[in-house]
Amino acid sequence: MSRELSEQEVVRRNSLNQLRELGIDPYPAARFPVSATAQAIKENFEGHEDDYKQVSLAGRLMSRRIMGKASFAELMDHSGRIQLYFNRDEICPDEDKTNYNTVFKKLTDIGDFIGVEGYVFKTKVGEISVFVQKFQILSKSLRPLPVVKTDEDGKVHDGVTDPEFRYRQRYVDLAINPDVRKVFAQRTRIINSMRDFFNAEGYLEVDTPVLQPIPGGAAARPFVTHHNTLDVPFYLRIANELYLKRLIVGGFDGVYEFSRNFRNEGMDRTHNPEFTVMEIYVAYQDYDWMMNFTEAMLEKVVMDLHGTTEIPLGDKTISFQRPFKRVTMYDAILEHTGIDISEMDEAQLRQTCKDLNIEVDESMGKGKLVDEIFGEKCEANYVQPTFITDYPIEMSPLCKKHRSKPGLVERFELMINGKELANAYSELNDPIDQRERFEEQVELMERGDDEAMYIDQDFLRALEYGMPPTSGMGIGVDRLVMILTNQSSIQDVLFFPQMRPEK
RNA sequence: CUCUACAUAGCUCAGUGGUAGAGCACCCGGCUCUUAACCGGGAGGACACAGGUUCGAGUCCUGUUGUGGAGACCA
């Protein structure tokens, strides 16, 4: 466990000891009252100078420019940075200049948390700053914080860019890269905006189990754990769909949950083993209603965040202006391959895949084959928000049969930037039909499809008591945040993305 | 899992087989309106790990570990 300390760490530990010898506690217990923030001062000082004769603020020391008997420094609090001015004879009015010469100049380091009291003024070159009259170390930093400098053109120098460093030591990333903090603040605003939208409709936010005896509601490999007292396996949820539907059976008209889901599969820039999906279920509605609801929700969230419906994403611009384009899955395939698959059986679909150079295997059923064609030939083309509707029944075991198109279900997926963002159904509420669909999944499983769903007998029991006609929708929160914050990796919208453990 | 790139000081990077380098940060000194502060001096390195080739390896080769990218997989 012992670790060789770097030169700079030794220096800081020595400073820590010297502070203690001077009777200064480097980790004081008492609260430090804060009366102002950096951003508020900079925004409001001019014209209200009298209100800033006495301020106290606290934060991390981010830079120092020492010029003998006077110094400038930068303090960063949650709102931003502000310049501090330290003058020896102001801080040390008496003969003893220790507080400035030793404590500030020698024993205080970049990265330390300090509290300052003083008044706000403008420097000769016009920067709003705090004239420090008293300062106090609130917490000593023992590791050198990487110093990031921004020049007058706003260009960042020596920023920490190593992704491994940034993700493993996210606290450092957040401390020194304000843009990173901004993305996560936006993430929370997006989620709050969604929540406000649902609450305004009177829908109920709920919590359902993460530990499930049967991993249902989606097709994915689960994480398995074990409950000692019950001596049974439990699965971390891959979805919460079946539980939310049980609540609709129970009489709630609208329920939603921000669900942390877990899938034991590969990781890449759009997949993390744990991720967040918002799922909502509304009784007496259908998937047409849900399309309108979804685009209204997204337009509102985007407006709340950006004040416009046109947002940049990489080198593209995405428009969230309603209404979104709507295309049936068969029309999408016809448009992008020139092939009409609407009347094909499984053998013809398999041949079509071969003709299109799409890899298939014997375990794939009709639904999976259609999905392969769509995924290979169509998906990437839908950059602007587009609802793909009316999927083949075989790939949607929880979705109601289409009211007028045999062999299809009332399902849509919302595609943005060539990726699936949301998925919704008119929910299957016929318990006999649902049991048959589950049984078809068992057949798929026996054919070798390791993603087919298990039968959840309790869920069927719930449907047998009766579930009202319901529409449900799930939206990938991490992917939505990626789009709305213009990030290309899921790791940049998760505070602590999954990494291989160190050492 | 496959292919590929990268791994050098606290951070960002250079180093093209021949004594380990720079900027920032750090230490010492100077400087009372600086702002990528400045000026002078200084210290700091098992070059990711383990082998190999070579008189000699940070550099070439093999393997390992970690990370990024591209794929496979993830409806």
Side-chain angles (χ1 to χ4, degrees), chain A residues 4-12 14-15 62-74 81 83-91 100 105-106 109-111 121-127 129 131 141-169 172 176 218-221 238 263-273 275 329 359 364-365 367-375 379 391-392 394-399 411 413 419-420 423 441 444 449-453 488-489 491 497 499-503:
Chain A
E4 198 85 9
L5 292 181
S6 72
E7 181 196 18
Q8 293 190 44
E9 288 174 295
V10 171
V11 167
R12 286 182 180 224
N14 287 340
S15 298
M62 297 305 285
S63 73
R64 301 202 301 166
R65 293 179 285 276
I66 295 175
M67 301 159 300
K69 298 178 185 66
S71 302
F72 288 93
E74 275 179 303
R81 294 186 183 207
Q83 182 169 260
L84 306 178
Y85 178 67
F86 290 80
N87 183 300
R88 186 192 69 177
D89 296 329
E90 295 287 335
I91 288 169
Y100 179 80
K105 274 170 69 174
K106 299 292 177 197
D109 293 295
I110 289 171
F121 76 113
K122 230 175 176 182
T123 63
K124 281 179 184 167
V125 293
E127 179 159 350
S129 308
F131 193 109
S141 166
L142 295 183
R143 283 183 189 249
L145 191 69
V147 174
V148 180
K149 300 199 175 189
T150 307
D151 65 23
E152 56 188 5
D153 300 327
K155 213 171 125 193
V156 174
H157 296 260
D158 299 335
V160 173
T161 51
D162 176 15
E164 185 173 4
F165 186 105
R166 291 185 47 226
Y167 300 147
R168 286 199 195 279
Q169 302 186 51
V172 176
I176 63 181
R221 292 212 307 266
I238 56 175
R263 296 186 184 176
N264 203 341
E265 283 157 358
M267 299 158 57
D268 60 34
R269 67 186 191 294
T270 56
H271 296 83
N272 194 66
F275 61 103
M329 167 150 283
E359 252 180 76
M364 290 180 178
K368 184 96 176 165
L369 292 167
V370 173
D371 188 51
E372 287 291 323
I373 298 171
F374 181 80
E379 201 171 56
Y391 285 61
E394 293 82 355
M395 57 197 290
S396 313
L398 303 170
C399 185
R411 171 180 183 177
E413 287 193 352
K419 299 230 164 55
E420 173 197 342
N423 182 22
Q441 290 291 306
L444 285 177
D449 185 347
D450 58 0
E451 293 156 5
M453 290 184 193
S488 57
S489 170
Q491 297 173 108
M499 302 272 280
R500 200 174 287 275
E502 281 183 273
K503 277 154 204 165

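So that the names make sense, note that chain A is the first sequence line, chain B the second, and so on, each numbered from 1. In this text, all values refer to a predicted model and were calculated from it rather than measured experimentally. Values below: every heavy atom of this structure, side chains too, minus hydrogens, waters and symmetry copies.
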Which nucleotide wins on minimum distance to the side chain of A:V160, given the candidates B:U12, B:G66, B:G10?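 Within the option list, the nearest is B:U12.
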Tell me which nucleotide among B:G10, B:C26, B:U67 gets nearest to the side chain of A:S6.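 The nucleotide sitting nearest to the side chain is B:G10.
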Once you round it to whole Å, what is the distance between [atom2] of [N] and [atom1] of [X]?
X	N	atom1	atom2	value
A:L5	B:A9	CG	P	17 Å
A:D162	B:U8	CG	P	8 Å
A:N264	B:C1	CG	C1'	14 Å
A:D268	B:G68	CG	C1'	13 Å

Will you find, in the side chains of A:Q8 and A:S6, an N or O donor that is under 3.5 Å from an N or O acceptor?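 There is no such pair between these side chains.
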Report the residue (A:K368 or A:M499) whose heavy-atom-nearest nucleotide on RNA chain B is the more 5′ of the two.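 Per heavy-atom nearest nucleotide, the more 5' residue is A:M499.
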With A:T270 via side-chain contact (heavy atoms from CB on, under 4.5 Å) - residues at least two apart: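 Checked A:T270 against side-chain contact (heavy atoms from CB on, under 4.5 Å); matches are A:D268, A:K419, A:R479, A:M482.
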When we call it a touch if two heavy atoms are under 4.0 Å apart, what does A:Q491 touch: a base, just sugar-phosphate, or nothing?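 Sugar-phosphate contact only.
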Touch class at under 4.0 angstrom, heavy-atom based, for A:G159 against every strand present: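 Sugar-phosphate contact only - A:G159 comes under 4.0 Å of backbone atoms but never of a base.
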B/S/- contact track for nucleotides 31-39 of chain B, protein heavy atom under 4.0 Å: BBBBBBB--
